2 protein chains.
Amino acid sequence: MAALTSITAAQALMGRAIAGDATTQTPSDHLAIPSGFGYSSLSGRALKTSVRQPQQHRVARFHRAVPFRAAAVEMLDGSAATTPLALFEKSVNTIRFLAIDAVEKANSGHPGLPMGCAPTGHILYDEVMRYNPKNPYWFNRDRFVLSAGHGCMLQYALLHLSGYDSVKEEDLKSFRQWGSKTPGHPENFETPGIEVTTGPLGQGVANAVGLALAEKHLAARFNKPDCEIVDHYTYVILGDGCQMEGVSNEASSLAGHWGLGKLIAFYDDNHISIDGDTEIAFTEDVNARFEALGWHTIWVKNGNTGYDEIRAAIKEAKAVKDRPTLIKVTTTIGYGSPNKANSYSVHGSALGAKEVDATRQNLEWPFEPFHVPEDVKSHWSRHVSEGASLEAEWNAKFAEYEKKYPEEAAELKSIISGELPAGWEKALPTYTPESPADATRNLSQQCLNALAKVLPGFLGGSADLASSNMTLLKMFGNFQNTTPEERNLRFGVREHGMGAICNGIVFHTSGLIPYCATFFVFTDYMRAAIRLSALSGGGVIYVMTHDSIGLGEDGPTHQPIEHLVSFRAMPNILMLRPADGTETAGAYKVAVLNRKGPSILALSRQKLPQLPGTSIEGVEKGGYVISDNSSGNKPDLILMGTGSELEIAAKAADELRKEGKTVRVVSLVSWELFDKQSDDYKESVFPSAVTARISIEAGSTLGWEKYVGSKGKAIGIDRFGASAPAGKIYKELGLSVENVIAVAKGF
Amino acid sequence: MAALTSITAAQALMGRAIAGDATTQTPSDHLAIPSGFGYSSLSGRALKTSVRQPQQHRVARFHRAVPFRAAAVEMLDGSAATTPLALFEKSVNTIRFLAIDAVEKANSGHPGLPMGCAPTGHILYDEVMRYNPKNPYWFNRDRFVLSAGHGCMLQYALLHLSGYDSVKEEDLKSFRQWGSKTPGHPENFETPGIEVTTGPLGQGVANAVGLALAEKHLAARFNKPDCEIVDHYTYVILGDGCQMEGVSNEASSLAGHWGLGKLIAFYDDNHISIDGDTEIAFTEDVNARFEALGWHTIWVKNGNTGYDEIRAAIKEAKAVKDRPTLIKVTTTIGYGSPNKANSYSVHGSALGAKEVDATRQNLEWPFEPFHVPEDVKSHWSRHVSEGASLEAEWNAKFAEYEKKYPEEAAELKSIISGELPAGWEKALPTYTPESPADATRNLSQQCLNALAKVLPGFLGGSADLASSNMTLLKMFGNFQNTTPEERNLRFGVREHGMGAICNGIVFHTSGLIPYCATFFVFTDYMRAAIRLSALSGGGVIYVMTHDSIGLGEDGPTHQPIEHLVSFRAMPNILMLRPADGTETAGAYKVAVLNRKGPSILALSRQKLPQLPGTSIEGVEKGGYVISDNSSGNKPDLILMGTGSELEIAAKAADELRKEGKTVRVVSLVSWELFDKQSDDYKESVFPSAVTARISIEAGSTLGWEKYVGSKGKAIGIDRFGASAPAGKIYKELGLSVENVIAVAKGF
């Protein structure tokens with residue numbers, strides 16, 4: 001099983017997995033509870049009659065309409081849900097109080113959602129989901145996303161109870177504190193067990209669509225009738241806020257279109273958002289909307305105590321294999337708090353000592369803060385051994401798969417390992433100054449297609465601009481409901497959803513390398529998703545064409561101006577603007593290697609010549625000299641530019657050299673990479689003694705002071721563009737050889 | 001009628017209206033066509049049988065299912081649609097060929113939509129809409145938005161035929177050329193008659209929601225049972241692309257919630273987007289989704305030749321007064337082109353000479369490019385006089401209204417005029433250094449409430465963060481379906497929709513001043529709308545709180561870093577970051593006066609002291625000295641900062657002065673305003689001889705080189721934030737008095 005070990009090792013490497021070997025443990029005796037035990041209409045009896053029931057009329061009506069099921073519900077591995085009700089509710093209340101106590105100690109946080117969603121969360125983590133707490137990156141785990149990320153104490157409590165090493169008692173006690181593993185919103189890069197970083201609403205459900213897409217794609221490519229090696233569900237909890245955000249509709253429309261049957265979403269319908277009752281702004285029929293989007297929908301009308309309803313809904317959702325399922329779970333936010341439940345005051349603030357006491361009394365919770373009762377602890381403890389067994393079973397299955405299908409197994413392993421095939425970069429096309437002039441978007445397509453041949457996890461697409469962004473992989477068909485093994489993703493005109501879905505694909509942590517594309521200006525639509533790629537370290541490749549006024553007639557609505565600098569200011573992202581074929585190949589090399597953060601390639605619509613002096617090595621340094629007729633590192637003038645304007649700089653240099661000047665031309669293809677170089681290297685490119693410097697770039701001049709210095713000049717565009725043929729706009733706005741020469745003569 | 005003249009004058013001023021007095025013209029004789037003429041099932045007969053019918057099976061089915069109505073349809077003013085069919089179709093084809101010819105001449109553009117939507121456009125502009133071509137800014141005009149802005153030749157053709165002076169024949173011939181009035185996408189600032197700038201998809205329909213909101217609000221405030229002085233419809237055409245974008249769902253959900261009954265949207269269901277058939281990415285049931293959003297929906301199954309179906313749908317939509325209506329109009333993109341209709345190739349490229357010829361033959365169009373046949377010209381010519389009559393009637397109605405309701409009339413006029421009431425700025429609160437420390441978000445609320453008392457057109461709200469953004473107007477209730485006269489807008493968690501709706505409100509050109517709010521970091525969700533405010537000159541006020549790591553425990557997903565610089569780089573927008581109460585009041589003064597572009601106020605969550613030396617006049621200059629112990633404009637050191645860090649700069653200066661240094665402290669509250677000052681003024685603030693300069697700001701340092709110079713130092717944050725109490729993060733990231741002093745000692 002050396003092969004499998006290597007997968008696990010690679011995963012650990014990729015995902016900073018927690019070490020730990022729990023396979024020697026055996027299931028605890030306490031699991032031997034009588035099977036066949038079911039739920040009765042006494043569900044909810046732990047709740048004292050004195051509890052304020054703000055949604056009483058609604059809940060009461062639901063009770064009448066939907067009698068509780070008494071039968072046991074088939075769950076994980078066909079076993080029945082057999083936890084005694086009292087223990088179940090005690091365990092659910094443990095989750096509630098861990099959330100209450102952590103928020104109270106931090107005096108900051110969101111207790112409302114964990115208190116309301118505790119039953120659903122409990123059923124998911126205790127009865128439904130397959131995972132291994134000691135290896136949060138086990139490949140075939142079920143994925144869970146808390147799209148309503150502010151409720152993160154729900155997930156921290158669940159990770160704690162399930163046995164994840166990332167959330168110990170001391171972590172719960174340092175909720176929202178500097179350096180803790182329990183930040184104010186779930187952060188995948190801080191807390192193993194958290195799949196994706198959430199908090200900015202609506203994106204989590206789109207991430208979940210990406211996770212489910214990754215599963216469906218890999219399953220289609222690698223599963224065999226006799227061996228389903230890729231086989232997990234993706235669960236997501238989203239709230240009213242997520243539902244209101246456009247990005248969730250975009251992604252949900254695609255999930256319906258793609259028929260992602262293993263995506264199961266729980267809509268926490270608690271009727272409260274920060275501004276109060278959702279009646280003031282949100283009165284649409286959510287389930288009807290999802291039906292229109294092609295989803296199966298269910299309504300659990302009593303999400304507070306209708307545990308069997310929740311279980312039955314999950315069972316039903318799993319039975320529907322051709323569509324994703326939305327389970328609307330009507331809950332009471334802050335359930336259990338006698339005076340604050342069902343109000344916005346429990347959404348985002350600590351309950352306060354008095355109300356915490358009242359809630360303890362109300363839910364009959366005599367324990368100290370952060371206490372997990374022994375029987376609850378004991379109940380959950382089986383997940384460590386169960387998880388180890390699940391992973392071991394899968395490992396055995398994989399060993400069998402490898403024996404029967406060695407080629408497929410090798411390919412899957414090579415994807416999962418995240419290790420790029422040796423020599424992959426040699427596949428990138430090469431260019432010489434004699435190669436024909438071409439738009440970098442076209443050269444980009446050559447790179448994408450070259451990469452697709454050597455990188456088995458490479459897939460992506462465009463937001464309905466494939467033929468403009470030049471992003472089609474010619475050797476593959478379209479990823480669709482019935483052809484999920486293909487690799488061209490068709491996102492439709494849904495930029496924000498596209499970015500968030502790609503984050504989901506990359507955080508599937510199965511080694512897939514997603515790229516996505518639109519016009520550079522429309523990064524404005526997806527900026528929130530790009531920021532989450534950057535913050536959470538996702539190596540999504542953003543292929544952004546039509547990167548300046550050079551797109552011409554479509555006009556200022558389509559012409560980026562401030563976009564380059566706006567991404568240069570964003571942490572942990574590479575903004576690359578290649579000037580020709582060689583630099584485009586270099587940018588792809590950098591982007592593919594950059595697995596711990598996103599890369600944006602800004603590419604031209606218009607044709608550009610292949611410039612003498614450009615190089616892949618230069619791109620890797622971010623900034624470098626492409627030509628110079630001076631000696632002793634002391635040119636009269638330094639001209640610098642990026643992308644399509646490097647040509648202008650090079651031509652101006654030629655003219656100025658004819659007049660006897662010594663001129664250096666610098667390509668600054670990526671500021672971030674250049675800024676990381678040594679001071680010596682920087683001095684070799686921009687000698688401090690040379691203050692006559694001109695930058696030229698078809699975008700905002702803001703920030704160029706950094707390189708041209710206080711005596712230099714930045715030629716750029718600090719206004720909106722215009723609708724006209726590209727050449728005309730360039731000329732009118734001073735992006736020309738003539739203007740560079742004129743400015744140069746001003747020194 | 002001097003009063004009315006002043007309204008018209010003010011509107012002209014506001015909206016760059018085209019001069020012209022058409023009231024002396026009389027309706028042409030040709031209008032005397034027999035009433036009672038109707039349509040028969042021969043509709044569409046102008047289309048030769050040889051026309052390729054790619055959607056034939058569908059269209060054919062619809063023909064069978066829905067027989068054409070033969071009766072005349074009641075239209076504008078209860079009159080019947082009485083244009084003879086042959087003339088109607090000739091006129092529709094005129095639109096098609098103006099679009100074909102303009103795109104062909106430019107060799108760039110989008111002929112497909114105009115060819116497909118010509119019948120709907122024709123019916124709207126010729127039979128349904130009330131407008132005055134010679135005064136595009138007539139207050140009570142019906143509003144039209146082409147959300148699918150790439151199809152702008154449709155609207156240019158319609159404006160041309162209707163008699164707008166903004167689109168003459170020479171303008172059509174200079175489509176997409178430098179300086180023309182017919183840019184590649186509709187731009188309100190270039191072309192009177194265009195209400196809003198569109199092109200970035202999905203936002204137009206959200207703008208339309210804002211336009212309809214403005215109408216409903218003003219109608220509720222000013223209409224009387226005996227005098228409905230505000231009474232117009234808002235029409236919008238949106239395509240598949242718009243429908244896929246999340247922003248359109250956000251805004252449509254609100255339109256349904258608000259019951260905007262006078263909003264009528266036409267969904268051009270042509271089944272084609274740039275990537276091909278929408279089947280590849282967009283298979284949801286759009287009408288069912290809109291029903292779920294609370295809209296009335298209709299399906300016109302033959303939008304190509306089912307003219308009476310279109311008319312009947314509009315009639316039905318008008319009859320439904322409690323909900324907005326979506327009319328799905330199934331059309332053929334590029335209708336009439338024998339070889340390119342119903343394919344993506346007709347979406348965004350010129351047809352090419354050969355196909356233009358084929359289309360001319362197919363549609364039996366013998367005319368030269370850009371020719372408008374005399375009978376068509378004559379048919380449309382009545383709109384100039386009709387428009388003048390409509391405005392004159394309304395003026396008479398307003399005169400009567402003014403007589404009966406002088407107070408209301410005065411208030412409405414004061415809104416429409418766009419002139420701020422004399423002395424309005426005196427209402428802004430004042431502060432002294434002795435005033436209690438407070439968060440600028442709270443001080444902002446004092447300003448908002450003060451402004452609401454003196455600015456009758458002031459209204460706005462938050463994306464579900466009213467109690468965090470502190471944006472409630474205490475003297476008003478919520479704008480809701482049944483209380484549309486109120487001024488607190490409740491957008492729900494829909495930032496992008498909120499921004500685009502506010503653009504619609506401001507471009508209602510009725511003098512309303514909208515503000516909207518969320519956390520500063522979530523400008524990422526609405527950046528595309530903010531950019532359109534900037535590009536198209538809309539004075540929306542963006543109230544952005546929680547403007548830094550100072551928000552504390554919510555962590556890096558909620559902490560802006562790169563946002564200040566990203567807006568400083570955006571053209572035509574004011575980015576303001578006030579430091580205390582005085583500067584907050586100053587920022588509001590600037591923002592209210594800035595009616596030709598948006599303003600963003602970045603406001604703190606945390607308490608800040610009222611600083612000595614801050615002033616409203618200083619804010620108006622963008623940057624100014626708040627304290628200095630030097631003389632002769634030659635301090636040893638200049639410390640500069642914005643917002644919450646100005647306090648740190650001031651405290652550090654105090655310490656350094658104790659040690660004998662001469663230190664100047666500069667507030668750079670708005671770079672844009674400062675950069676507009678004279679060189680002399682700039683030198684008086686930043687004397688070039690003083691190179692020891694330090695900036696401090698809790699955000700990206702990118703761009704600060706501009707002010708600190710190459711020898712200065714920028715203290716800021718070039719990484720993501722963290723989840724912890726605010727004070728702790730400030731300290732850990734070096735945003736402290738101690739650090740400023742340490743850096744200062746490095747000079």
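Each chain gets a letter, A, B and so on, in the order the sequences are listed, and its residues count up from 1. Computed from a predicted model, the values in this text were never measured in an experiment. The analysis underlying the following values was restricted to heavy atoms, covering all of them including side chains, and did not include hydrogens, waters or symmetry mates.
The contact between Phe720(A) and chain B is made by backbone and side chain atoms together, counting heavy-atom distances below 4.5 Å. Proximity to chain A (any heavy atom under 4.5 Å) is shown, for Gln177(B), by both the backbone and the side chain. If you measure heavy-atom distances from Glu187(A) to chain B, the contacts under 4.5 Å come from the side chain alone. For Ala534(B), the parts lying near chain A are the backbone and the side chain together; criterion is any non-hydrogen pair under 4.5 Å. Proximity to chain A (any heavy atom under 4.5 Å) is shown, for Leu535(B), by both the backbone and the side chain. For a residue to count as touching a neighbouring chain, one of its non-hydrogen atoms must lie under 4.5 Å from one of that chain's; by this rule Ser180(A) does not touch chain B. Contact of Trp671(B) with chain A is made through the side chain alone, with heavy-atom distances under 4.5 Å.
Judged by distance alone, with hydrogens and angles left aside, the side-chain atoms of Asp464(B) form a donor-acceptor pair with the main-chain N or O of Ile274(A) at under 3.5 Å. A donor-acceptor distance shorter than 3.5 angstrom exists from the side chain of Tyr525(A) to the backbone of Leu201(B), with no hydrogens or angles considered. Remark: side-chain polar atoms of Arg531(B) are not paired, donor with acceptor, to backbone N or O of Val521(A) under 3.5 angstrom. Although no hydrogens or angles enter the test, the distance criterion places no donor-acceptor pair under 3.5 Å between the side chain of Ser723(A) and the main chain of Pro183(B). In this structure a side-chain-to-backbone donor-acceptor pair under 3.5 Å is present from His257(A) to Ile280(B).
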Step-by-step side-chain contact (heavy atoms from CB on, under 4.5 Å) determination, Arg176(B) to Asp554(A): CA-CA 8 Å; Arg176(B) 295 187 151 225; Asp554(A) 274 347; 2.7 Å; yes
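Nearest heavy atoms, Thr557(A) versus Pro200(B): CB-CD, 3.6 Å.
For chain B, the option among Ala106(A), Pro725(A), Gly256(A), Cys242(A) with the highest count of heavy-atom pairs below 4.5 Å is Pro725(A). Most heavy-atom pairs under 4.5 Å with chain B, from the set Ala251(A), Gly276(A), Ser253(A), Gly202(A): that is Ser253(A).
The number of heavy atoms from other shown groups lying within 6.0 Å of OH (Tyr707(B)) is above 12.
Classification of the His185(B)-His558(A) ring pair by plane angle, with boundaries at 30° and 60°, yields parallel.
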